[in-house]
Amino acid sequence: MKLCVALDLPTKQENLDLIHQIKEYDIWLKVGLRAYIRDGVEFLQEIKEINPNFKIFLDLKLYDIPNTMADAAESIMGLGVDMFNIHASAGKRAMQEVMQRLSKYEKRPIVLAVTALTSFNQEEFSAVYESSIAKKADQFAIDANESGLDGVVCSAYESESIKKITNKHFLTLTPGIRPFGEDSGDQQRVADVEFAKSALVDFIVVGRPIYQAQNPAEVVAKILENI
Ligand code: C5P
């Protein structure tokens with residue numbers, strides 16, 4: 001299991017200060033829409049300058065028509081990131097076109113599918129997808145696997161069943177982690193490191209428990225000791 005730290009601080013400088021504090025660790029860093037839209041590719045380069053061994057997960061959740069998604073995926077290839085994600089609800093044709101477009105490159109980033117956004121409650125989800133969350137999330141995972149993606153973003157509670165209905169090598173990346181039972185904030189269903197390990201999660205995403213800590217490096221070290 002790998003640790004992926006969410007760079008969700010309000011300014012670029014604060015994100016860079018955090019990265020400097022944890023630069024000696026073998027970890028992934030998650031760059032989301034806010035940071036990428038504001039700080040762009042230059043920020044990605046600065047991360048690699050701090051430590052070239054950092055792995056970068058570009059969390060932009062692409063969703064568009066298949067050709068536009070494939071074009072965007074190809075542009076992402078040029079950024080030198082190690083993982084990015086697209087929405088499974090864009091459909092199998094879109095996912096397949098993305099993977100097809102990347103197949104001509106010798107080395108490509110890991111591509112994950114977003115299944116069901118966890119911010120939806122059941123009622124809101126049904127209004128959009130006319131299905132229960134669990135059923136649709138499973139179907140999205142199957143679609144992503146059949147379309148050649150490497151894995152999905154999901155809750156730690158879904159990780160094991162997703163591996164069962166796809167295969168054990170199909171990756172799961174799970175946010176909503178409170179490594180040692182810390183305050184859950186606005187997350188609904190949180191899991192700790194022990195649970196994530198038992199659920200065979202491949203990547204845990206941790207934000208606030210690290211960047212709001214007095215000593216982020218200490219928390220990172222403790223998580224790495226336990227995974
Ligand atoms: O601070 P915290 O550890 O809750 O941060 C989790 C990170 O994972 C945030 O960047 C959040 O946007 C992201 N995320 C999430 N739930 C999802 C998808 C992404 O919490 N379903």
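Both counts, for ligands and for their atoms, begin at 1 and track the order of listing.
Comparing G176, P175, G32 against atom 19 (C) of ligand 1, the shortest heavy-atom distance belongs to P175. The heavy atom nearest to atom 11 (C) of ligand 1, out of those in R208, K30, R34, is found in K30.
Relative to the six-membered ring of F170, K168 misses at least one condition, a distance below 6.0 Å or an angle of at most 45° to the axis. Both tests hold for K222 against F180: distance to the six-membered ring centre under 6.0 Å, angle to the ring axis within 45°.
Within the 6.0 Å centre-distance limit, the rings of F203 and W28 are counted as a close aromatic pair. Separation of the Y25 and F54 ring centroids does not fall under the 6.0 Å cut-off.
Atoms of ligand 1 found under 4.0 Å from any heavy atom of R178, numbered from 1 in the order shown, are 1 (O), 2 (P), 3 (O), 4 (O). Taking every non-hydrogen atom of A6 and a distance limit under 4.0 Å, the qualifying atoms of ligand 1 come out as 10 (O). Near P209, with a cut-off below 4.0 Å to any heavy atom, the atoms of ligand 1 are 3 (O).
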What do the steps show when you test F140 against Y129 for ring pair (Phe, Tyr, Trp, His ring centres under 6.0 Å), and what is the final call?
CA-CA 11 Å; F140 281 147; Y129 296 104; 5.7 Å; yes

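When only non-hydrogen protein atoms are considered, atom 6 (C) of ligand 1 lies nearest to Q187 NE2, 3.8 Å. Atom 21 (N) of ligand 1 has its closest protein heavy atom at T118 OG1, 2.5 Å.
Considering backbone and side-chain N/O atoms, Y211 never comes within less than 3.5 Å of an N/O atom of ligand 1. Where the criterion is an N or O separation shorter than 3.5 Å, residue side chain and backbone included, D8 meets it with respect to ligand 1. Checked against a 3.5 angstrom limit, the closest N/O atoms of K61 and ligand 1 fall outside it. Distances between N or O atoms of G207 and those of ligand 1 include at least one value under 3.5 Å.
Heavy atoms of V153 found under 4.0 angstrom from ligand 1: none, in either backbone or side chain.
In this structure a side-chain-to-backbone donor-acceptor pair under 3.5 Å is missing from Q212 to P209. The backbone N or O of A199 lies less than 3.5 Å from a partner atom in the side chain of S159, making a donor-acceptor pair.
Checking D59 against N85 by side-chain atom types alone, a donor-acceptor pair falls below 3.5 Å.
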